[in-house]
There are 2 protein chains.
Amino acid sequence: MTKKKPTILDVAQLANVSRTTVSRYLNQNYSKMSLATKLTIEQAIKQLNYQVNQSARALKTNRTHLIGLVMADVTNFYASLVFKGVADLFSSFNYQIIMLNSNEDALQEQKNISQLLQFQVDGLLIQPVTKNTPYYESITIPTVFIDRPLASSHLAQVVTDNYLKSQELAQKVVTFGYHQFIILHQKNSNSARDLRIQAINDVALQNNIKTTIFYTDDDLQHLLKLLIQSPKTAIFVLKGPDVLKTLAFFHAHNFNIPNNIGMATFDDWNWTNFTFPKIEKIQQDPTKIGFIAAKLLHQNITSPRLNSNSHIIVPSVLITGNSLK
Amino acid sequence: MTKKKPTILDVAQLANVSRTTVSRYLNQNYSKMSLATKLTIEQAIKQLNYQVNQSARALKTNRTHLIGLVMADVTNFYASLVFKGVADLFSSFNYQIIMLNSNEDALQEQKNISQLLQFQVDGLLIQPVTKNTPYYESITIPTVFIDRPLASSHLAQVVTDNYLKSQELAQKVVTFGYHQFIILHQKNSNSARDLRIQAINDVALQNNIKTTIFYTDDDLQHLLKLLIQSPKTAIFVLKGPDVLKTLAFFHAHNFNIPNNIGMATFDDWNWTNFTFPKIEKIQQDPTKIGFIAAKLLHQNITSPRLNSNSHIIVPSVLITGNSLK
DNA sequence: CTGAAAGCGCTAACAC
DNA sequence: GTGTTAGCGCTTTCAG
């Protein structure tokens, strides 16, 4: 327990070779090494239960094999799914992921990034909480932004097709003949959500449909006023978990979907797979977004300046439900 | 971009002091330092935008300020919540969390642990996928196990009161006069789940109630046979997300809860907050478990051999619903 | 109050 | 095919 960890020197001495040779073994430079020494070293390592010290290696090679993942809100299920994708990609290259929580706070995000830079991470994956591109552009290590589009074209980013798919969804809703749209979301805003709202609004305008924005943070009771004695209404719920909440609320107040109200939503996960009725939705694949972002980052780390400012759109899918009528 | 990062030496030269003095500044050893030099150094650091190199510091001090978090399944919402608790605690001590996914696979878990040891993490938090205590006991750095109880008393662990609370829940269900229990869970087993099942079984036995175990992995259709023309039945759903699935299924087959069937569940999150009806449940607090485990680990890191083998039980709460009748 | 210098464990020229 | 050696950036005695 208290005895020191074996170093490369211990292995070298036990195997009767030099540190260099052991180092070569560790880095798989077997090319110029007799099978005999290779086996001796292998044996010595096993015997001592030797493990390379990544700190030392990092100091020498200037590569930590650490990736920083800065998520806007880790308690959001979106974060787990992105993490999975990122971890899946990087685990095959023996990189480890340090995840931090910005908690939707810009200051915390900057602290997180600064911390990660001290740890000399080889790359950064950021779900940005702000649109503060000057700060983001000042980051000098390979970085890929996730989920929330940023205006600057200098910054590599992997996002989904928010505007177009939302437009498509809204247009489909229109075909059902709704005369009023209600958009339900949380006050806290971000660029991805803004694009969705904008698309819905644009479609509404083109079709002379009245749109009201409503915050789930507020008491849903207020919503009732909007619904009673109003024209045929469709509700867009911008966050998966809010669907459950809203459904329960409607159920309690004897509103039926799709008979009294139409509903459509955006789903990062399978929230609506088990609801009644099935909700018309746009489904995105956060794990895929994470995986692709990680892949891009890995490229930017291993061969810099190649696609370092790619913008990748991971398409989402429109899934039919029976929540419109 | 390509220019080298400033080192402590650059700061020292700019501030006209020695590396030692800068190092003292960095480590807040202000006690024996003139205010003048302190300010000069502060200024130089700002000017160069200097950041300490943690790899170098780690090599020297033998402390990485890295914590390894090995979770059985990161796509499970439980993992996010635990992570939050762990991150909340350790962020105040400037430790970073490296999270890895064992994917419910023992081999993967061992690889993960081995990787983390190479990175010289200062401590380990493990949600174990096996009961392989010999291997776990061979780990020589501070380690705390989470969620799934391990037999060995040598190992520090933070878990919830699975057996007792499950017993309490089952006993409550019994008072409603159910004559049959069905336990719904996933085939994949672990010690925490086993304890819950055992408690329910024990209560059933004591009350001459027939219990059937049913896997959600299988087609739920089979479940119907068990329900039609059978005595008054209560269903225990062992995983929050499965509640949605099961409710939707019952709804589709015109079974009403609580009129036709009773239901009780275990909830890591607010899965059942928005269901109809509200489900009788045991609610645990994974974030709290993570926080407490992290606290214990931090203690074990900073003052070893004090509580290094504590067993902490974080109580869960029985929450009344209207799913029993 | 400050500095000189050794050394943490490893890698990579360069030598042989 | 293998070894010598310098040095990555930092902390820490020890000396002044």
Side-chain angles (χ1 to χ4, degrees), chain A residues 2-42 44-45 48-66 94 117-122 141, chain B residues 2-42 44-45 48-66 94 117-122 141:
Chain A
T2 22
K3 69 164 172 277
K4 274 189 58 207
K5 283 188 182 165
T7 77
I8 208 173
L9 189 59
D10 298 321
V11 177
Q13 284 169 349
L14 184 59
N16 254 314
V17 293
S18 75
R19 277 134 79 203
T20 313
T21 310
V22 178
S23 173
R24 287 204 184 94
Y25 172 87
L26 293 173
N27 294 285
Q28 274 125 56
N29 292 334
Y30 303 138
S31 53
K32 311 188 163 190
M33 187 181 302
S34 73
L35 186 62
T37 42
K38 184 176 164 183
L39 291 176
T40 332
I41 292 172
E42 191 172 317
I45 286 177
L48 293 172
N49 192 21
Y50 167 78
Q51 317 238 47
V52 270
N53 182 326
Q54 292 286 358
S55 298
R57 183 179 268 180
L59 183 57
K60 185 66 191 175
T61 62
N62 223 8
R63 278 301 188 88
T64 53
H65 274 236
L66 248 29
N94 277 320
L117 292 175
Q118 295 202 0
F119 275 89
Q120 316 290 120
V121 295
D122 291 343
I141 66 169
Chain B
T2 22
K3 69 165 175 275
K4 276 188 57 209
K5 283 187 183 166
T7 76
I8 207 172
L9 189 59
D10 299 321
V11 177
Q13 284 169 348
L14 184 59
N16 256 313
V17 293
S18 75
R19 277 133 79 202
T20 314
T21 309
V22 178
S23 174
R24 286 204 185 96
Y25 172 87
L26 293 174
N27 294 286
Q28 274 124 57
N29 292 332
Y30 304 136
S31 52
K32 310 188 164 189
M33 187 181 304
S34 73
L35 186 61
T37 41
K38 185 177 164 183
L39 290 176
T40 332
I41 292 172
E42 191 172 317
I45 287 178
L48 293 172
N49 192 23
Y50 167 79
Q51 317 240 48
V52 269
N53 182 327
Q54 291 286 357
S55 298
R57 181 178 271 180
L59 182 57
K60 186 66 192 176
T61 61
N62 223 8
R63 279 301 188 87
T64 54
H65 272 237
L66 249 28
N94 276 320
L117 292 176
Q118 296 202 359
F119 275 89
Q120 318 289 118
V121 294
D122 291 342
I141 65 169

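Only this structure's heavy atoms are used, side chains among them; waters, hydrogens and symmetry mates stay out.
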With the side chain of [X] defined as its heavy atoms from C-beta on, choose the nearest nucleotide among [options].
X     : options              : result
A/L59 : C/dC10, C/dG3, D/dG9 : D/dG9
A/R19 : C/dG9, D/dT4, C/dC10 : C/dC10
B/N53 : C/dG9, D/dT2, D/dC10 : D/dC10

Could you tell me whether B/S55 contacts a base, only the sugar-phosphate backbone, or nothing, with contacts defined as non-hydrogen atoms closer than 4.0 Å? nothing
What's B/Y30 touching, base or sugar-phosphate or nothing? Going by heavy atoms closer than 4.0 Å.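 The residue B/Y30 makes no contact with any strand.
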Please state whether the phosphate of [N], meaning OP1 or OP2, lies under 4.0 angstrom from any side-chain nitrogen or oxygen of [X].
X     : N      : result
B/S23 : D/dT11 : yes
B/Y25 : C/dT2  : no
A/T20 : C/dT11 : no
B/S34 : C/dT2  : yes
A/S18 : D/dT2  : no
A/N27 : C/dT11 : yes

Could you tell me whether the side chain of A/K60 has a donor or acceptor atom within less than 3.5 Å of a complementary atom in the base of C/dG9? no
Take B/L35 and A/I8, find for each the nucleotide of DNA chain C with the closest heavy atom, and name the residue whose nucleotide sits nearer the 5' end.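 Mapping each residue to its closest nucleotide by heavy atoms, the 5'-most match is B/L35.
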State which residues pass side chain to side chain donor-acceptor pair (under 3.5 Å) with B/S18; sequence neighbours excluded, sorted by chain then number. B/T21
Is the backbone of B/R19 close enough, under 3.5 Å, to the side chain of B/S23 for a donor and an acceptor to pair up by distance? no
Roughly how bent is the helix from C/dC1-D/dG16 to C/dC16-D/dG1 end to end, in steps of 10 degrees, with each end axis from five pairs? 30°
